[in-house]
Amino acid sequence: MTSKPKENIIISNIGGVTLKRVYNFNPGPATLPLDVLKEVQAEFLDFDETGMSIVETSHRAKSYDKIHNQAKADILELMNLGDDYEVLFIQGGASLQFAMIPMNFASKEKLGNYALSGIFSNNAYKEAKILGVGKVAASTESENFSRVPRQDELQIDSNAAYFHYCCNNTIYGTEYHYVPEVGEVPLISDMSSDMLSRPLDFKKFSLIYAGVQKNLGPAGVVIVVAKKSMIEKSLDTLPTMLRYDTFYKKNSLYNTPPTFSIYVVGKVAQWIKNNGGLKVMAQRNLKKAQIIYDIIDESDGFYKGHAQKDSRSLMNVTFRLPNDELEKKFIAEALENNISGVKGHRLVGGMRASIYNAMPLEGAEVLAEFMKKFQRKNKG
Ligand SMILES: *Cc1c(COP(=O)(O)O)cnc(C)c1O
């Protein structure tokens, strides 16, 4: 590798301890913008001149209120949504959303319709099935989830409670490059791994949710962006904490929210704004993905992508090597080159490079360069 210091590898001396950072390709929790981490560090001991850290501050304090509401406003602004939408902060991970959505909106008469394109979309459907209110609208399981369903494959009930799909399949490395047309049916999407990675016509959606630990912050909070008219449909026979309108009416402060996670998400939203918003994120993300997919495509079959080309994810690049032994070697040697977290999910095997917003272009270049070199040395 080159000897010049890299943007994302810093040597800092904190209290006499030297830290070295790597290019972190973990799927989630995942890499965050270095600028954000530094800011968090700098203001940790004395947050907003309160003489205490954010994690010691009351969720009812003015200093916290400011960042809570600013984060909400920035998310809506980035998504180009107006005040007919609301941002909610909910705990329990994206996995609790899998249950809350059918609980609040579906019934035996009006089923939740699901496109199955990977593990998480299947898990979402599973919860609706437990409640007896789910229907499969499409599935690509027979193709080992190597692509997402096409529009012409979606079989959506005209009276569906909603149509649910997972926009980016973190494990298989596939992503929808179209927004499904669903007519009058409310559109719901799990965007856990591509939220705020690119502009979309978000007005087409009734509800979007994302566990923030992939692309937007530390684990502990889910961002739900929903039409107020959808939130108002919350079922009032449900327990308080399982209803969307509880979070709406109380500004996500009915109980103690995960203040630290929300604080960091707010900083990441600011960082996205300061860096040109979703359009610039999308350009950068496309470029990073292209660099790695090009290596795969030009490798004469040494690297085999899991995703079919028209479903390729810009967030998670999945690929295999000729055999297990080479895959183990790849992971070990990658680490020697400051490339961390590229081992794939056990269901797909091989490699997965997660290249969320915070992965600098340089990280993708370093990985691509390493892949080229590794192939040259090992093609046999
Ligand atoms: C990680 C992930 C989930 C699960 O999120 P949890 O917060 O762990 O429940 C759901 N959907 C997608 C697309 C994911 O990437």
Side-chain angles (χ1 to χ4, degrees), residues 24-32 88-103 112 114-128 130 134 139-141 145 147-149 162-177 179-180 187-198 200 205 207-225 241-242 247 252 257-258 260-262 264-265 268 285 289 306-307 311-318 341 343-348 352-359:
N24 176 358
F25 291 92
N26 276 319
T31 190
L32 287 171
L88 312 174
F89 297 123
I90 304 180
Q91 297 188 63
S95 299
L96 184 62
Q97 293 306 302
F98 297 164
M100 272 178 75
I101 288 164
M103 283 172 120
Y114 288 80
L116 308 188
S117 56
I119 299 305
F120 294 116
S121 57
N122 282 26
N123 286 352
Y125 167 64
K126 201 168 75 188
E127 299 299 309
I130 290 170
S139 173
T140 52
E141 188 160 15
F145 297 126
R147 66 173 178 89
V148 301
Y162 53 80
F163 170 71
H164 177 286
Y165 76 106
C166 179
C167 198
N168 182 71
N169 298 284
T170 322
I171 291 173
Y172 291 92
T174 62
E175 192 170 20
Y176 283 75
H177 297 294
V179 175
L187 185 59
I188 296 184
S189 190
D190 176 359
M191 294 197 185
S192 291
S193 49
D194 63 349
M195 181 93 167
L196 304 188
S197 70
R198 56 178 175 164
L200 284 178
F205 295 83
L207 190 149
I208 294 164
Y209 63 99
V212 303
Q213 72 272 22
K214 307 285 161 54
N215 198 29
L216 297 175
V221 71
V222 173
I223 298 173
V224 175
V225 180
M241 281 298 283
L242 295 175
F247 292 84
S252 299
F260 181 75
S261 299
I262 294 167
V264 180
V265 167
V268 171
N285 289 333
H306 177 77
S311 288
R312 280 176 164 176
S313 168
L314 300 187
M315 299 278 97
N316 312 95
V317 180
T318 47
K343 189 176 187 333
H345 192 279
R346 70 198 141 72
L347 287 170
V348 182
R352 168 176 48 176
S354 298
I355 46 175
Y356 302 119
N357 285 348
M359 175 59 66

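In this text the structure is predicted, and so the values were computed from the model without any measurement. Atoms within a ligand are numbered from 1 in the order they appear, just like the ligands themselves. Scope of the values below: all heavy atoms of this structure, side chains included, with no hydrogens, waters or symmetry mates.
Qualifying side-chain contact (heavy atoms from CB on, under 4.5 Å) partners for S261, counting only residues two or more places apart in sequence or in other chains: P218, V221, P258. Among residues two or more places apart in sequence or in another chain, the ring pair (Phe, Tyr, Trp, His ring centres under 6.0 Å) test is passed with Y162 by Y114. Under the side-chain contact (heavy atoms from CB on, under 4.5 Å) criterion, S311 pairs with R147, V148, T174, not counting sequence neighbours.
One side chain, S354 or N316, offers a donor N or O that lies under 3.5 Å from an acceptor on the other.
Contact of the Y356 side chain with the L216 side chain is not registered, since no non-hydrogen atoms from C-beta on lie closer than 4.5 Å.
Note: L200 CG to F205 CZ = 5.5 Å, rounded to the nearest 0.5 Å.
Residues lining ligand 1 at a heavy-atom distance below 4.0 Å are given as G93, A94, S95, F98, F120, C166, N168, T170, D190, S192, S193, Q213, K214, ordered by chain and residue number.
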